[in-house]
Structures are given as structure tokens and as C-alpha cells.
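What follows is a set of notes on a single structure, which appears directly below.
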Amino acid sequence: MEAEPPLYPVAGSVGPQGDEDRLGAADGCEAPLDELVGAYPNYNEEEEERRYYRRKRLGVLKNVLAASAGGMLTYGVYLGLLQMQLILHYDETYREVKYGNMGLPDIDSKMLMGINVTPIAALLYTPVLIRFFGTKWMMFLAVGIYALFVSTNYWERYYTLVPSAVALGMAIVPLWASMGNYITRMSQKYYEYSHYKEQDEQGPQQRPPRGSHAPYLLVFQAIFYSFFHLSFACAQLPMVYFLNYYLYDLNHTLYNVQSCGTNSHGILNGFNKTVLRTLPRSRNLIVVESVLMAVAFLAMLLVLGLCGAAYRPTEEIDLRSVGWGNIFQLPFKYVRDFRLRHLVPFFIYSGFEVLFACTGLALGYGVCSIGLERLAYLLVAYSLGASAASVLGLLGLWLPRSVPLVTGAGLHLLLTLGLFFWAPAPRALKHSWVLYVAAALWGVGSAFNKTGLSTLLGILYEDKERQDFIFTIYHWWQAVAIFMVYLGASLPMKAKLAVLLVTLVAAAASYLWMERKLRRGMAPRQPRIPRPQHKVRGYRYLEEDNSDESDAEGARGGRDCAEEEAAGPGPEPAALCRRPCPYEQALGGDGPEEH
């Protein structure tokens, strides 16, 4: 009896006519199994790897642009709202008609106190928050607090404005510390994805050469600060397109102002108490605040949706596992590092100069001379100059790293000396071009200062375990400087310029002294980072209570394979012996340390 043919053809079998089957096998030959289950015949592993890492690099660029745009929108909304709010609340008629005897000046003073005083305590909690939430989620949380501050202006009361200002003050240092850490980490990841072949040759546990990520860091910091400095221009949009239509001209607002510039005292002594010709309608104010709220919400979405993680999950677990007590103490232990001690004057000056641009130069020289209606254009000139100079910071790829900082300091030194001897006349527009040029040049110096400092810190402290501490210290000293400017707001302009000048000279001299020490080969003394306090097995991070181990493993107590081999064969199979985990192998150990 003849056997029935199979319903489906068998791979590699010959058909009934003896010709080739549909797999292409010749008569009497069987098609190899690889044609069915093997790799694609035209697969090029090297090409696919190149495409994979190109996508990774594009992802890093997307992260940098999203973080930069998010920071620009966040700070632009914050500055624009605060500026518009303070101008409206300054007007005597606006306060009496809109809010009666609610005491808006007292509320504004407490709000400014909350924004400027609260960051003084940021050194105590910023590293803990960054390690707890992670770098990306700390950025998102801080941007959300800025959006909360914007939302409270829908209902301006003491119990809405002051608590939101305190919360915003608490978020200032964590936001900018996590931003600096994030940009530095992106430059390191871009280097890894660009030199993946070298990483494969060196091994996954081998660190790249020191300073290898510096060119990428300089480029990313230039991108970030070119976006960030545009926030000062974005902040003037409510002023240009809304508030300027309601302002009196300079002949009314500056009628009682007697002296400007270096001869002035405090902030705009003699400035008229009424600056609004007509009061803006509440409906128009709500529309402007709604637009600002929408932009703040867009910044949150940019950080949430487009910014990737700064660390791998296992790296974040390692960063948290050094112990919360150690995380709290480590920022204070960096006092022993002479590099940070020498850079502290520059940190302080960095806070002084940005506040002087917004208050001393813009108000004491600009508004006092050419009127409140031109304040927005002065700050736009500062913003555009700073943004363009941030792009010019790319020249640092071919110049020594000290050149941007020294150039910015020298430019500010010349401007400060010029402002020290210049007192423009009130209500005089003939020298307005000098003010615009001075604002733009001050922005150039600010850009060299900010870009140079952030790049320098990323180069000096490239260990990922230290970056959040370093940027926390940097921005905390900036916050301390801003608090000092807030306390000295009523000082004469000559005293402010003298303090600025002394701080600038001390910062430049201290920085050059630090570079000289490094050229002489003096080794810095850094605090030791404790090793993570957890056990690792493969990709799992297990605590002392291992819920995955079997009864046999638990009874054996996790002995090493070397001990078992030395003891000879036993009643239990050798497969259950304790092997060193990858983390222990990377550290050169044979097993878990005793805690």
C-alpha cells in the first residue's frame, strides 16, 4: 500500500517530480536549516551597529535641545511674570482700585524675601533630592514648581503668592544644579556613543581617558547657555506687546529723579508713584497670565516627554546606595578641595553680575535715564549679546580653557570702571545708544563667565558620582550672592560698583592661582565616595534578604566556588556554588565584602 504524501512539505525534502522545492534545494540535497531560522543573508552587523549608535547620538542631541528649550521657557516665563507683576503692584492707583487696603507692597516684599532667602538652605537638601528623584525627574519637579508660581497669580493673595514664592525659592538651586549635571552627563554619553569601538576594545568596566568628553561638553554648554540667555528676551514679550501701552512716558515717571548712574542711591529714588496712564482690564491680564501658564506647561512637557534619563537604572541605584547620610555630608566635605576653594569667588561674582545687569545697569542707569518704557529693549540687548557670545564660546575648542573666563572678566572690568565714572542725566535720550552697547557687552561678559564656569566644572569633576554635588555647590554660592545683592539693594551705586570690582579682581586672581597649582602638578584632595551598600547578582540588586535564593543556596550560606573546589566534591552539585558577581569582579574582589 502506497504511503500518502504529507500535507505540508518538509523543509529540505525533494518533491514528487524530483525537481527543486520551493526552498531552492536541488535533487537529492537538503536545504540547510539556517535558511529557515538563521540570520538575514544580507545582514551587516557592523553597519547595524553604526546605525544604532547614530540613533543614540541623535537622542542625546534631542535631550540637550529639549533641556535647553525647557530652561529657556521656564526662566523666561518666571522673569516676565515677576517683572510685570512688580510694575503693576508699584503703581499706587492700581493698588487702590484693584486691591484696596490688602497691602500689596508688604506681600511683594515677603514674596521677594521668599525667593531670595529660601535658597540659602538649599545646600542641605539639593543633593538628597537629586539622588532621590533622579536628575531628569528633579528637573521636571522644579519646572512644575515654577509653573505653580505662575498659576498663583490668577488669585493674588498673601496665602497664594508667598507660599508659592517660598516653594520657588526652594526649587531654584535644585533646578539649575540638575540642569548642569544633565548637560555634563549628556556630553559623556555622546562621547561613549561616538567612540563605541574603543569602549568595546577597552572593556565595559574601563573608564574613558580623562578629559575625553571636554569638546562635546563645551559644545553642549554653548547650546544650553545660548538658549538660556534668550530667556531674558522672551521675558520682555509681555512688556513689549502688553504693558508698554499703559505706561506714562519718561517726562512723567522721571519728573522728580535728580541723579542717575554712579551718583544714584538705592533703586530709582524719586521715581513717580504712578506709572500707568490707564489700568489694564482684568480680562486682558487673565489672557496674558494664561499665555504664560501655557508656556510654563509646555516647558514641563518638553522636560517630561523629550528629555531622556541621565543615568541607567543600575547607575541610579548605585548613586542612591552610598547612604543618605553620606549624600547629605559630601557637599560640605568638598571644602578640602583647593580647586573649589579657588573658584568660590568666581561663583559669588557670577551671582553678583547677573543681578547687577537686571537691577543696577537696567534700572540705575537705563530706566533712570531713558524711562521705564525702554527697559524691555535694554534687557533684549543684554539677552541677544549674551546668546551670541555663548555661541562664540565654541572658540574654546581651539583656545586654552582659561581664555573665556579671563576674557569675560576683563570685559566686565573695563565696563565696571567706565560705569564707575559715568552718571547719565535723567530724561536724556541722546546717550541711549551707549546704554544699549553697554548692556550688550555686559551680556557678552556674562556668557563667557557662565559657559566657562560650567565647562570648567564638568572637566575638573568628570566622575558621575561627584557632578551633582559640584553643581549644587556652584549654584548655592550663586544663590548666596543673589541674597547679598537683595540685602544691599539700598546701598549707593558707587558702593555696589566697588563691591563688584573687588569681587571680580579677587575671582580672576584666585582662578589663575588655581590654574598655576594644577600646572605644577598639585593633586587635589577630594572626599572619598563610599561604595554602594548592596549585593549584586547579574542584573539584580538584592538586599541581605534574598527572596530569589533557593533553600539549598540559603543552607550553603553563599560560599565561594574557590572554597568548594578546594574542599573537593561533596554531596551537593557544584552548580549551586556562589560565583563572584559582575560588580565584585569589576572591583577586583572574589565575593561580597563583609558589612
Side-chain angles (χ1 to χ4, degrees), residues 57 60-75 135-136 139 173 175-194 208 210-232 303 307-308 310 339-340 343 346-347 349-351 353-354 383 385-409 443-464 466-475 477-478 511:
R57 293 195 297 272
V60 170
L61 290 177
K62 178 259 300 178
N63 293 339
V64 172
L65 292 175
S68 304
M72 177 192 71
L73 295 178
T74 301
Y75 212 63
T135 304
K136 174 197 170 176
M139 290 163 52
V173 175
L175 173 64
W176 299 111
S178 56
M179 283 278 189
N181 184 19
Y182 189 80
I183 299 299
T184 305
R185 280 295 299 151
M186 289 301 108
S187 68
Q188 293 176 334
K189 295 179 82 169
Y190 196 90
Y191 172 82
E192 294 173 8
Y193 298 148
S194 299
R210 297 196 70 83
S212 55
H213 72 295
Y216 306 108
L217 176 62
L218 182 60
V219 173
F220 288 173
Q221 292 289 0
I223 293 173
F224 175 77
Y225 278 106
S226 62
F227 274 84
F228 166 73
H229 285 113
L230 284 178
S231 64
F232 292 90
V303 175
C307 290
R339 296 174 297 180
L340 271 186
L343 288 175
F346 238 127
F347 297 163
Y349 176 74
S350 181
E353 58 92 5
V354 70
S383 173
S387 182
S390 298
V391 179
L392 290 178
L394 295 176
L395 294 175
L397 293 170
W398 301 277
L399 298 173
R401 69 186 184 192
S402 59
V403 170
L405 280 173
V406 174
T407 303
V444 172
S446 296
F448 286 149
N449 178 3
K450 298 287 190 300
T451 309
L453 271 180
S454 297
T455 305
L456 180 65
L457 291 177
I459 294 173
L460 295 180
Y461 301 92
E462 60 182 74
D463 297 336
K464 62 187 177 185
R466 304 182 184 275
Q467 289 166 1
D468 50 351
F469 299 119
I470 299 304
F471 283 100
T472 296
I473 295 170
Y474 168 36
H475 290 284
W477 277 111
Q478 271 192 330
Y511 166 67

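Heavy atoms only: backbone and side chains are in, while hydrogens, waters and symmetry mates are out.
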Practice item. With side-chain contact (heavy atoms from CB on, under 4.5 Å) as the test, would you mind laying out the steps for Lys450 and Glu353 before giving the verdict? Key: CA-CA 11 Å; Lys450 298 287 190 300; Glu353 58 92 5; 2.6 Å; yes
Step-by-step side-chain contact (heavy atoms from CB on, under 4.5 Å) determination, Thr74 to Val303 | CA-CA 11 Å; Thr74 301; Val303 175; over 6 Å; no
Would you say the side chain of [Y] lies within less than 4.5 Å of the side chain of [X], judging by non-hydrogen atoms?
{"X": "Val354", "Y": "Phe232", "answer": "yes"}
{"X": "Ser350", "Y": "Leu453", "answer": "yes"}
{"X": "Phe220", "Y": "Val60", "answer": "yes"}
{"X": "Tyr190", "Y": "Val219", "answer": "no"}

[X] to [Y] - nearest heavy-atom pair and separation:
{"X": "Cys307", "Y": "Met139", "answer": "SG-CE, 4.4 Å"}
{"X": "His213", "Y": "Ser187", "answer": "CD2-OG, 3.3 Å"}
{"X": "Thr135", "Y": "Ala310", "answer": "CB-CB, 4.0 Å"}
{"X": "Ser194", "Y": "Arg57", "answer": "OG-CD, 3.2 Å"}

To the nearest 0.5 angstrom, please state how far the [atom1] atom of [X] sits from the [atom2] atom of [Y].
{"X": "Arg466", "Y": "Leu460", "atom1": "CZ", "atom2": "CG", "answer": "12.5 Å"}
{"X": "Leu65", "Y": "Ile223", "atom1": "CG", "atom2": "CD1", "answer": "6.0 Å"}
{"X": "Ser454", "Y": "Met179", "atom1": "OG", "atom2": "CE", "answer": "12.0 Å"}
{"X": "Leu457", "Y": "Leu343", "atom1": "CG", "atom2": "CG", "answer": "6.0 Å"}
{"X": "Leu218", "Y": "Leu456", "atom1": "CG", "atom2": "CG", "answer": "11.5 Å"}

Start with the C-alpha gap between Asn449 and Phe346, add the side-chain angles, then the distance that decides, and say whether side-chain contact (heavy atoms from CB on, under 4.5 Å) holds. CA-CA 9 Å; Asn449 178 3; Phe346 238 127; 4.0 Å; yes
Review point. Does Tyr461 have its ring centroid less than 6.0 Å away from the ring centroid of Phe469?
Key: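 No: the rings miss the under 6.0 Å criterion.
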Dump the intermediate steps for side-chain contact (heavy atoms from CB on, under 4.5 Å) on Gln221 and Thr184, then the final yes or no. CA-CA 8 Å; Gln221 292 289 0; Thr184 305; 4.0 Å; yes
I'd like to know if the side chain of [X] and the backbone of [Y] have a donor-acceptor N/O pair within less than 3.5 Å.
{"X": "Asn63", "Y": "Gly308", "answer": "yes"}
{"X": "Gln188", "Y": "Glu462", "answer": "yes"}
{"X": "Ser178", "Y": "Leu175", "answer": "yes"}

TODO: On the 0 to 90° scale, with breaks at 30° and 60°, tag the Trp176-Phe228 ring pair as parallel, tilted or perpendicular.
DONE: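 Aromatic pair Trp176/Phe228 classed perpendicular.
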Please work out which of the three classes, parallel, tilted or perpendicular, describes the rings of His475 and Phe471, given edges at 30° and 60°.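 Parallel, since the angle between the ring planes stays under 30°.
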Pairs of donor and acceptor atoms involving the side chains of residues 387-403, under 3.5 Å and at least two apart or interchain, shall be tabulated with distances.
from, atom 1, to, atom 2, distance (Å)
Ser387, OG, Ser226, O, 2.8
Ser390, OG, His229, ND1, 3.4
Ser390, OG, Ala386, O, 2.9
Arg401, NE, Glu515, OE2, 3.0
Arg401, NH2, Glu515, OE1, 3.1

* Asked: Sequence neighbours excluded, which residues qualify as ring-ring contact (aromatic ring centres under 6.0 Å, His included) partners of Tyr474?
  ->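 Here the qualifying residues are Phe347.
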